[in-house]
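Just so you know, residue 1 is the first one in the sequence shown, and it goes up from there.
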Amino acid sequence: MNRRELTFGAAAAAMAAPAMAQNAAPLAPPPTISDSPYYAAFDAQIARLPATEQADVRAFYELNNWRPVWNADRVRRLNEAANRAERHGLSKADYFDFVGLAADPDSADLRTTAAALRYARVLAFGAVRPETVEELWEMQKNVVDVPLGLNDALVQGRLVEWFEGLAPTDIGYNNLSAGYVRYRRMINQGGWPAFPVRAGTLEPGSSDNRIPALIARLVAEGDLTAEAGSRLTAEGLVYSPELQQAVQGFQARHGLAADGRIGPSTQASLGASAEDRARQIALNLERRRWLKRDLNPERIEVNTAAAIMVYWKDGRPVHSNRVVVGAPATQTPSLEKPFASVVANPPWYVPAGIARREILPRGPAYLASQNMYISNGTVIQRAGPNAALGYVKFELRDSYAIFLHDTPSKAAFNLSVRQRSHGCVRVQNAVEFARLLLSPDPALLDQFDAAQASRRTTRIQTGREISVRLLYWTAFVDGQGRVAFREDVYRRDRALAEALGIAVTLPEVVADGRVDANDVGP
C-alpha cells in the first residue's frame, strides 16, 4: 500500500467513526426529528452550507432519520466514484477532499454527504444553468431526484454505478468522454509542439521550416500515423503530397475547406494547444449534461456550430445534410420543438425587423423584382423558384418563428463558414429530405409530390411526432471515431468557460469574405 492509500485509509476510518454501526440495510421506521440525537448538530451544519445545497442535504437526512450514513466501506466506494471524474471532464479535487473532510469527525458525515450530492448534481444537470450563458435556451432538461437516488444507492451498495448513471450514457457523450481522457493523456505526455502562425499560405509542394512541427502536430491527434510521420520527417522540409493528404483530413475534421492549403483558418486551428482542445471538450460534455437522457428514437438534430443536420431513426443516424444557420448577430437558438408539418411551395411572411432593415428601404421596384407585396403592413413573398424558403418549409410547433426550409441560395452549402442566416435553418437537398420524412406513408408522399408538380402551396401533416433539436456542439466525435472541433462562432464556449472559471483560448473564425447582398432569407 502506498502513502496515498494509507492517508486515504486513515481518513476513511476517521470519517466513518460516528457511523460504524451503520450498514447497507434499510433503517428502522423514522422517529420524530426530535428523537434523533444527531438532529440538532446536523441542522446547524446544514445552515452553514451554501443556500443552493441545503435542500438536498436536508432531504437526504430526512430519508435517513437524521442519522450518520458514511462508514468506511461507503467512503471507499465514494472515492472510487470520484476517481472517475476525469472521464466527465471534471476534476476530483474540485468536489472531494477526503482528508480535509475527515479533519473534523463531528462534521465529516454531513460534509461528505454535501460533497457527494454536489458532485451528483453536476453529473445529473451540469454545473451551470444553461439559461445563464445562452440568450435563448429552451431544451428539455434531465429530471432526477438526487437525494433519493443517493440514499437508494447507499442502501443497495451501488454507489459507483449510480454516480456513473447520472451522466449521459448515449454514444455521443461516451465517445466524447473517451476523447477527453485521450487528450488529457496527450497533455500528460507533453502535448504537441506549437505550430507557429505566420502571414500568408503554406502551399503544397513548397518548403517551410515549420514542416517538422506540422508533422508532429498531425501525428499527435492521429491525422498521420507515427510511422508515416517518422518517414516524412526524414524527407526534410518539403510539404509533400502525402503530408497534404493528412492536412486535408485535419481540415475536414475541423470543418475547414479541405484543400490542403494552410492558410489563416488552418493555421489558427493548428495553433490551438492540447490543453485548450481538452478544455473545449470539457465544455461540450457540460452542455450534454444539461439535456434529458431519454431521446426520441426519431429526431432531427442540428449542430449550429458545425452547420450540420443529422436525421435519426430507430435510434440510429441514417441521413445527414449540410445546413446554413444563423449568423453571429442573428444566432440560431438552442431549441427543442416537435416537428409538425411540411409546407410545399411556402410563401414567406417576412419578419418586421428584416422587412424594415433590408427590404423596404430598397423601394417598390425591389419588392416587385423579388415577387413581394405588402398586406396589412406585412411584407409577403409569393412562393416560387426564387422564393427565400425555396420549395419546402419544415414547420416546428411554437418555435419563435424558427424553422427549417429550402433555399434558392445553394452556393452557401459549399462554404466552410455557414453561419449566415437570420436564425432559421436552411437545409441542403431539402425537397429530397422532405420526401425521406414522408416516405413511411405513401399517401402523404404522393400528396407532397403532387404539390411539387403543381407548384401549389400545400401543408402536409407528418402524422407522427418528430422532435427537432437545435444544439451547439463545438467538439464532438465524427463518424470515423475522431474528435472533431469547430470554431466558437457564437462565442458560447467563451461564455460557458467564464461561468465555469476555465481559462481557454480558442481559434477565432476567419471570414472567407463571401457575402451575398441579395440574400435576405430568414
Side-chain angles (χ1 to χ4, degrees), residues 130-139 302 304-305 307 309 323-337 339-341 343 345-384 386-413 415 417-427 430 457 459 468-472 488-492 495 509 511 513-522:
E131 301 89 346
T132 65
V133 291
E134 295 201 19
E135 189 171 326
L136 177 58
W137 191 94
E138 194 169 304
M139 311 286 293
V302 176
T304 55
M309 181 191 76
V323 295
V324 172
V325 296
T330 52
Q331 300 179 15
T332 301
S334 297
L335 289 176
E336 183 171 8
K337 297 293 179 182
F339 173 43
S341 59
V343 180
N345 311 299
W348 179 31
Y349 291 81
V350 182
I354 298 177
R356 182 177 63 256
R357 293 188 304 269
E358 303 178 34
I359 295 176
L360 294 175
R362 302 190 185 195
Y366 176 78
L367 268 71
S369 71
Q370 299 298 310
N371 205 13
M372 293 178 174
Y373 65 98
I374 301 175
S375 175
N376 296 324
T378 299
V379 176
I380 303 171
Q381 184 180 45
R382 298 180 179 89
N386 298 317
L389 303 188
Y391 288 120
V392 62
K393 177 174 75 168
F394 305 84
E395 289 188 323
L396 310 184
R397 196 175 301 130
D398 185 29
S399 63
Y400 303 94
I402 298 294
F403 47 84
L404 284 63
H405 64 93
D406 186 20
T407 176
S409 304
K410 310 295 186 186
F413 293 120
L415 303 178
V417 180
R418 297 191 294 278
Q419 286 79 14
R420 295 169 177 271
S421 79
H422 284 89
C424 288
V425 179
R426 306 175 188 178
V427 180
T457 299
R459 176 174 283 99
V468 176
R469 307 169 84 215
L470 308 181
L471 306 157
Y472 189 73
D488 183 23
V489 63
Y490 290 166
R491 303 205 168 197
R492 295 181 187 172
V509 178
R514 305 185 209 186
V515 178
D516 184 355
N518 294 317
D519 184 0
V520 296

Quick one: does [X]'s side chain get under 4.5 Å of [Y]'s, heavy atoms only?
| X | Y | result |
| --- | --- | --- |
| V489 | Y472 | yes |
| Y373 | L367 | no |
| V325 | Q419 | yes |
| L360 | I374 | yes |
| M139 | P130 | no |
| I402 | K337 | no |
| I359 | M372 | yes |

(request) Indicate the ring-plane relationship of F339 and F394, choosing parallel, tilted or perpendicular according to the 30° and 60° boundaries. (result) tilted
Identify the two heavy atoms, one from [X] and one from [Y], that lie closest to each other, and give their separation to 0.1 Å.
| X | Y | result |
| --- | --- | --- |
| T407 | S409 | OG1-N, 3.0 Å |
| A388 | Q381 | N-OE1, 2.7 Å |
| P361 | A355 | CD-O, 3.8 Å |
| P408 | G390 | CD-N, 4.2 Å |
| T378 | V350 | CG2-O, 4.2 Å |

To the nearest 0.5 Å, how far apart are [atom1] in [X] and [atom2] in [Y]?
| X | Y | atom1 | atom2 | value |
| --- | --- | --- | --- | --- |
| L335 | F403 | CG | CZ | 13.0 Å |
| S369 | R362 | OG | CZ | 8.5 Å |
| E336 | L470 | CD | CG | 9.5 Å |
| Y490 | T332 | OH | OG1 | 4.0 Å |
| N371 | I380 | CG | CD1 | 11.5 Å |
| K410 | R426 | NZ | CZ | 11.0 Å |

(request) Using the side-chain hydrogen bond (donor to acceptor under 3.5 Å, both in side chains) rule, take Q331 and R492 through it: C-alpha gap first, then chi angles, then the decisive distance, then the call. (result) CA-CA 11 Å; Q331 300 179 15; R492 295 181 187 172; 3.1 Å; yes
(message) Counting neighbours of CD on E131 that are heavy atoms of other residues, nucleotides or ligands and sit closer than 6.0 Å, is the number greater than 12?
(response) yes
(request) Flag yes if more than 12 heavy atoms outside Y349 fall under 6.0 Å of its OH atom; otherwise flag no. (result) no
Main-chain N/O of [Y] paired with [X] side-chain donor or acceptor, under 3.5 Å:
| X | Y | value |
| --- | --- | --- |
| E395 | V343 | no |
| R418 | A307 | yes |
| D406 | Y391 | yes |
| T304 | P333 | no |

